[in-house]
Asks: 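Quick one: the structure is below, questions incoming.
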2 protein chains.
Amino acid sequence: MEGLDSVTIGRLADRLGMSKAGVIGQFRSKEKLQLETVDLVMEDFRTQVWQPVRHLDAGLPRLLAACAAWVRYAADPGYPGGCLLTQVTYDYDARTGLVHDRIAEGRARWRDSLRRDIDVAVAAGDLPPGTDAPQVVYGLESLAAGITPARLLHGDDETEKWALRGMHAILGFSPMK
Amino acid sequence: MEGLDSVTIGRLADRLGMSKAGVIGQFRSKEKLQLETVDLVMEDFRTQVWQPVRHLDAGLPRLLAACAAWVRYAADPGYPGGCLLTQVTYDYDARTGLVHDRIAEGRARWRDSLRRDIDVAVAAGDLPPGTDAPQVVYGLESLAAGITPARLLHGDDETEKWALRGMHAILGFSPMK
DNA sequence: TTGACGTACGAACGATCGTACTCTTAAATC
DNA sequence: GATTTAAGAGTACGATCGTTCGTACGTCAA
């Protein structure tokens, strides 16, 4: 089993050298543990992707830098097995419950962040005036999320380039070279 | 629990009004059951997406029609909970075993199918000469796979349009309007 | 009629799951 | 130094998991 469901009380207890009771004593319940795990994954994402670019100028410069960091993170998040954020996202999108909601909230925040830079870029004339921001955001997140299965199922090692060029196309830039 | 893991021997037995032993007698093992399930999902995909367009002219016409059917299927596969093919894909990409391999094979066939039409379209002058087919295929499948989480996590109801326009952008067509 | 064969049953197995208890023990507080 | 607090161990529970038995049914061929 993979994904969040593999983070189990007993397994975690083994890994930590603790008893199951000790672990559940820390987290109160499985759902709390899952929520904390999701928070941790999201925090890692923000640290690795948003933190390095947040100081850049709002608008297109920061948007492009964020996309580059995003794609790099998805292709190599620093741990084995592919981006965990993508994993939990597709794992819990069809479920109900607090974990689903938490993921949706985090993603919504990221979407807003992207959207703001898109709006600024449009206002600055760096993106075409008629740009449909939600549509662009959808394209960006889809292209980023496609990296994991492409790498893990097919061994593609050019996903970073593919995703980035796709993002540029979505943003209305010149043909994909 | 969702996804393939929710297809459990006992649950299936309940649903079918059979005993667990009767179900496992049909499928020999859980893995065989999973493989048959994956085959069934893939067959449904081919029936709903490929079958309606396969008779069209190879190249850009069939490619565009396939994308439209693909996107429509992902947005509304005819059953609740989002496209199962997307689900199992992201569920098993990071695992090892026969199910992972079967999914990879099926996806590889679909990729080849797309790629062939792209090549034909390029040869026919319907797509730019320098088109990087694998890159385009990556973009198409990413944009299609993005539909499920967008709908289920955020309630987006324009995903079909977004995905299709994104695909056009990836193919090098005019700006996303 | 008999035998082989396949289907499905009921029961049980060992594992693992999440969770609820009690008890010990160490730290913190007064 | 006595008392309170909290962490964690240990154990047990009910569920559910996949799987393996032995057995009772068919159906069909010999």
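A note on names: the letters A, B, ... follow the listed sequences, proteins ahead of strands, and every chain is numbered from 1.
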Asks: Output the rounded distance in Å from CG (A:L4) to P (C:dG18).
Replies: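 In whole Å, C:dG18 P and A:L4 CG are 12 Å from each other.
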Asks: Kindly indicate whether the side chain of A:K20 and the base of C:dG18 share any N or O donor-acceptor pair separated by less than 3.5 Å?
Replies: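 For A:K20, whose side chain was compared with the base of C:dG18, there is a donor-acceptor pair (under 3.5 Å).
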Asks: Check the distance between C:dG18's C1' and A:R11's CZ and give it to me in whole angstrom.
Replies: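 After rounding, the reported distance stands at 13 Å.
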Asks: Could you check how far CG of B:D14 sits from C1' of C:dC9, rounded to whole Å?
Replies: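 To the nearest whole Å, that distance equals 14 Å.
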Asks: With sequence neighbours left out, what residues match A:E43 under salt bridge (charged side-chain N to carboxylate O under 4.0 Å, His left out)?
Replies: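 Not a single residue meets the salt bridge (charged side-chain N to carboxylate O under 4.0 Å, His left out) criterion with A:E43.
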Asks: Is B:R28 near enough to D:dT19 that one of its side-chain N or O atoms lies under 4.0 angstrom from OP1 or OP2?
Replies: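 Answer no for this pair, as no side-chain N or O of B:R28 is under 4.0 Å from OP1 or OP2.
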Asks: Which part of the nucleic acid does B:T8 contact within heavy-atom distance under 4.0 Å: base, sugar-phosphate only, or nothing?
Replies: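 Sugar-phosphate contact only - B:T8 comes under 4.0 Å of backbone atoms but never of a base.
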Asks: Send over the distance from B:I24 CD1 to D:dG18 C1', rounded to a whole Å.
Replies: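 After rounding, the reported distance stands at 6 Å.
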Asks: Calculate the interatomic distance between B:E31 atom CD and D:dC17 atom P; express it in whole Å.
Replies: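 Whole-Å distance recorded here is 18 Å.
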Asks: In whole angstrom, what separates A:I9's CD1 from C:dA20's P?
Replies: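 The distance from CD1 of A:I9 to P of C:dA20 comes to 11 Å, rounded to the nearest Å.
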Asks: May I have all residue pairs that pass ring pair (Phe, Tyr, Trp, His ring centres under 6.0 Å) and include part of residues 124-156 of chain B, sequence neighbours excluded?
Replies: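 Every ring pair (Phe, Tyr, Trp, His ring centres under 6.0 Å) pair that includes a residue of residues 124-156 of chain B, provided the two are not neighbours, is A:W162-B:Y138.
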Asks: Of B:V41, B:L35, B:V38, B:L98, which meets side-chain contact (heavy atoms from CB on, under 4.5 Å) against B:I103?
Replies: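 By the side-chain contact (heavy atoms from CB on, under 4.5 Å) criterion, B:I103 pairs with just one of B:V41, B:L35, B:V38, B:L98: B:V38.
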Asks: Could you tell me how far apart B:K30 (NZ) and D:dT19 (C1') are, to the nearest whole angstrom?
Replies: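 Taking atom C1' of D:dT19 as the reference, NZ of B:K30 is at 12 Å.
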Asks: Tell me: CG of B:L12 to P of D:dC17, nearest whole Å?
Replies: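 Going from CG in B:L12 over to P in D:dC17 covers 11 Å.
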Asks: When B:Y92 is tested against each of B:R102, B:H100, B:Q34 for side chain to side chain donor-acceptor pair (under 3.5 Å), which residue passes?
Replies: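 Filter result, single survivor: B:Q34.
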